[in-house]
Amino acid sequence: MKLVTYEIENTTRIGALADGGVVELSAVAPDMLSLIERGEAGLAEARTAVEQGTPVPMDRVRLLAPIPRPRKNIVCLGMNYAAHAYESCRARGLPEKLPEHPVFFTKSPTSVNRPDGEIPLDAGLTSQLDWEVELGFVLGRTGKNISREDALGYVFGYTVINDISARDLQNRHQQFFKGKSLDGSCPMGPCIVTADELPDAGDLALSLRVNGQTMQDSRTRDLIFDIPAIIEVLSRGQTVEAGDIVSTGTPSGVGMGFDPQRWLQPGDVVEAEIERIGVLRNTVAAA
Ligand code: MG
């Protein structure tokens with residue numbers, strides 16, 4: 001299923017994309033986190049509801065991020081594609097090398113944005129706003145010390161994330177949190193594709209365009225630390241919970257890596273796409 005959170009007639013509901021519209025799943029769960037917590041029973045009810053339901057046309061709904069307000073920070077991987085790790089080192093004047101261990105940082109829950117929401121750009125705060133298309137995954141079960149072999153059994157589904165990054169703030173404040181957590185800097189969606197529908201998430205095409213020009217174009221098989229490795233390392237000695245969101249890192253082609261460097265400007269349209277999941281289409285707006 002392709003699960004969505006959407007607004008219709010001033011209410012927020014969950015549903016599934018079907019036959020060019022959205023089938024409402026409010027009878028199964030009031031929101032996405034509740035549906036995830038219901039586990040297999042919830043998914044089975046949802047599938048029945050989709051088979052029996054009548055879709056509402058897309059032009060009557062407004063999609064939100066599938067989890068509009070995560071309970072916790074979004075866990076992100078840094079430098080998890082080789083070519084991007086090298087371009088990041090070059091841009092910062094550091095020797096080119098690959099991480100020996102996954103690089104973790106987080107984005108604030110308040111940074112989450114709609115799949116077509118505006119990305120605010122406060123020119124008094126940042127002049128180096130950058131893009132990063134990433135495969136995100138959502139955990140469906142709570143666990144700790146999860147083995148690589150068991151890891152994919154903990155994944156509820158997959159989504160697209162654009163890890164919008166204010167490079168000047170990222171560098172100024174030493175750690176990534178501030179530069180990665182501005183309001184609107186985490187477009188997510190348009191849906192969560194449930195794991196049963198995407199058994200091959202380890203090899204998906206992902207790309208990003210700015211005003212129609214392709215900037216990033218790669219495949220998830222080029223991840224340095226794949227999803228089982230990420231779950232194994234993240235959960236070692238640390239509880240991970242159903243509903244947690246992890247963004248797996250971005251391939252090369254970010255604005256920081258260009259010579260001269262390229263930064264987002266008001267009016268730019270940023271499209272982040274992953275095959276079999278969908279497209280985020282966000283416009284940068286002066287704030
Ligand atoms: Mg990133």
Side-chain angles (χ1 to χ4, degrees), residues 65 67 70 72-92 94 98-99 101-113 115 119 126 128-138 158-189 201 204-210 215-227 229-231 233-234 244-258 261-264 270-274 277 280 282 284:
I67 301 176
K72 295 153 73 173
N73 285 17
I74 298 137
V75 175
C76 302
L77 275 286
M79 294 179 282
N80 202 23
Y81 287 80
H84 173 65
Y86 292 140
E87 77 179 349
S88 299
C89 293
R90 284 195 301 272
R92 296 191 172 98
L94 301 170
L98 299 181
H101 304 280
V103 175
F104 293 115
F105 65 91
T106 69
K107 291 173 87 78
S108 159
T110 47
S111 67
V112 171
N113 201 343
I119 299 170
T126 176
Q128 297 186 349
L129 204 63
D130 205 346
W131 55 82
E132 295 191 351
V133 61
E134 307 194 1
L135 174 66
F137 65 88
V138 181
Y158 301 92
T159 192
V160 185
I161 285 176
N162 189 349
D163 175 19
I164 294 287
S165 306
R167 301 296 182 198
D168 38 7
L169 299 182
Q170 202 179 330
N171 293 329
R172 182 188 308 162
H173 298 286
Q174 306 274 324
Q175 298 207 1
F176 288 4
F177 181 66
K178 177 69 182 174
K180 294 280 193 174
S181 294
L182 298 182
D183 287 0
S185 67
C186 189
M188 187 194 305
L204 297 173
L206 73 171
S207 60
L208 184 137
R209 298 175 292 280
V210 178
M215 301 298 192
Q216 298 183 280
D217 189 8
S218 187
R219 299 192 70 85
T220 56
R221 66 165 178 251
D222 290 334
L223 286 168
I224 297 172
F225 300 102
D226 62 10
I227 291 171
I230 292 168
I231 292 173
V233 177
L234 182 64
D244 285 358
I245 304 167
V246 179
S247 198
T248 56
T250 202
S252 63
V254 299
M256 173 179 67
F258 281 78
Q261 294 178 321
R262 301 179 64 162
W263 309 116
L264 291 169
V270 189
E271 294 170 293
E273 180 165 14
I274 301 182
I277 304 177
L280 309 174
N282 303 90
V284 180

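All ligand and atom numbering here is 1-based and tracks the order in the structure. The structure displayed is predicted, hence computed values, not measured ones. Note: hydrogens, waters and symmetry copies are ignored here, and every other heavy atom, side chains too, is used.
Glu132 has its closest N, O or S atom to the Mg ion (ligand 1) at the position named OE1. Glu134 contributes atom OE2 as its closest N/O/S atom to the Mg ion (ligand 1). The N, O or S atom of Asp163 with the smallest distance to the Mg ion (ligand 1) is OD2.
In terms of modelled atom types and a separation under 3.5 Å, the side chain of Glu134 and the main chain of Asp163 share no donor-acceptor contact.
In the model, Ser252 has no side-chain atom that pairs as donor or acceptor with a side-chain atom of Glu87 under 3.5 Å.
Side-chain contact between Lys107 and Ile161 is absent, with no heavy-atom pair separated by less than 4.5 Å. The side-chain heavy atoms of Glu132 and Ser165, taken from C-beta on, include a pair separated by under 4.5 Å.
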